[in-house]
Protein chains: 2
Amino acid sequence: MASPNQLKKALKKEGLRYTQQRQSIWDEMCATDEHRDAEEIYLSLRNEGMSVSRATVYRTIDVLVKNNLVRKLELGDGRARYEHKMDLEHHDHLICVQCGKIEEFMDETIEEIQEKIVNNLGFKLIRHIHQLFVICNNCR
Amino acid sequence: MASPNQLKKALKKEGLRYTQQRQSIWDEMCATDEHRDAEEIYLSLRNEGMSVSRATVYRTIDVLVKNNLVRKLELGDGRARYEHKMDLEHHDHLICVQCGKIEEFMDETIEEIQEKIVNNLGFKLIRHIHQLFVICNNCR
DNA sequence: GCTGCTATTGATAATGAGTCTCAGAACTTA
DNA sequence: TAAGTTCTGAGACTCATTATCAATAGCAGC
């Protein structure tokens, strides 16, 4: 179960109310490490008997993304996927173009070079997307 | 003007016909180094008096992407942008989150590390997306 | 250069992820 | 408890992209 404190803090910061729906959406997103889309999260909640609407799922996810509790992933298949940021370490993704399996990777050197590239241009790095599309060992 | 040979060769390889529309869409995409979306390409062609439909623009772009003549960029704003691959050097993109300006970057070390990461997992690298979202020097 | 076969095209309908609207429900504060 | 707000749900809407299908136009063989 996701801690309500993190959520409550974020909502307070935004001047928003703490509600059942928002808590259960946050719980649902923390319930697995899979990368699910809004529809999947919506259907899971409905299956569990929660009263919640698609609109509220999208609205709540926005709040969570804005407050850095959730990361939005665009993997090029036309629907956004989400991952919670309970475990704090940053990472990027490998995606198998055959089976769709998603793995994570992280490389300190790449992160440093990115910073260097941006700084050399006089820019400020806000965020990055780094996705490696592969054929995984199962699919080869 | 884009050489018809590259296009003709690609079409022949796929068993597809060489048509006026396909040539003019390819020409239009090669006419600039900007990163335009399908609608912008469609409107440019119409302004030039070409008879072409949106559907054909989308279909032709698919062919060009599949045959590696064009690269599709998903910058997270809900519409795909495209760049021709006439000048062969690979690069990735910096995008200003304020003004939307797109710059290019390329780093040999990052490319090598990517390969290493994928190989170590026993995977095969097909393609990658690496986008740095920044605030550019003009917007700071 | 014709003929006939088949891929391509254009107009438009359909799709689908995500957003907007607005009336009613649920908090909050007094 | 009342008044004032914020939230929610249902469904309408948007907008990029895809599918449909009759008409058109390449292309291979004559």
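Residue numbers start from 1 in every chain, and the chains themselves are labelled A, B, ... in the order their sequence lines are given, proteins ahead of strands.
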Between B/Asp62 and B/Thr19, name the one whose nearest nucleotide on DNA chain D is closer to the 5' end.
-> B/Asp62
Earlier contact from the 5' end, DNA chain D, for A/Val57 and B/Arg81 | A/Val57
May I ask you to decide whether B/Lys101 forms a salt bridge with B/Glu103, counting only side-chain N to carboxylate O separations under 4.0 Å?
-> yes
Any Lys/Arg nitrogen of A/Glu34 or A/Arg81 sitting under 4.0 Å from an Asp/Glu carboxylate oxygen of the other?
-> no
Note: for A/Arg79 and B/Ser51 on DNA chain C, the residue whose nearest nucleotide lies more 5' is B/Ser51
More 5' along DNA chain C: A/Tyr82 or B/Arg59, using each one's nearest nucleotide?
-> B/Arg59
Rounded to whole Å, please give me the gap between [atom1] in [X] and [atom2] in [N].
X	N	atom1	atom2	value
A/Asp77	C/dT15	CG	C1'	15 Å
B/Ile61	D/dA16	CD1	C1'	12 Å
A/Leu43	C/dA17	CG	C1'	14 Å
A/Glu14	D/dC7	CD	C1'	15 Å
A/Tyr58	D/dA10	OH	P	16 Å
B/Asp37	D/dA16	CG	C1'	9 Å
A/Gln21	C/dA26	CD	C1'	10 Å
A/Leu11	C/dA26	CG	P	19 Å

For A/Gln131, the option from A/Ile95, A/Leu94, A/Asp92 that meets side chain to side chain contact (heavy atoms under 4.5 Å, CB included) | A/Ile95
With distance as the sole criterion, is a donor-acceptor pair present between the side chains of A/His128 and A/His90 under 3.5 Å?
-> yes
Side chains of B/Glu111 and B/His130, donor plus acceptor under 3.5 Å = no
Which nucleotide, [options], lies nearest any side-chain atom of [X]?
X	options	value
B/Arg17	C/dT9, C/dT8, D/dC7	C/dT8
B/Ala80	C/dT8, D/dT17, C/dG10	D/dT17
B/Ser53	D/dG11, D/dT8, C/dG10	C/dG10

If you look at every strand shown and take non-hydrogen atoms under 4.0 Å, does B/Arg22 touch a base, only sugar-phosphate, or nothing?
-> sugar-phosphate
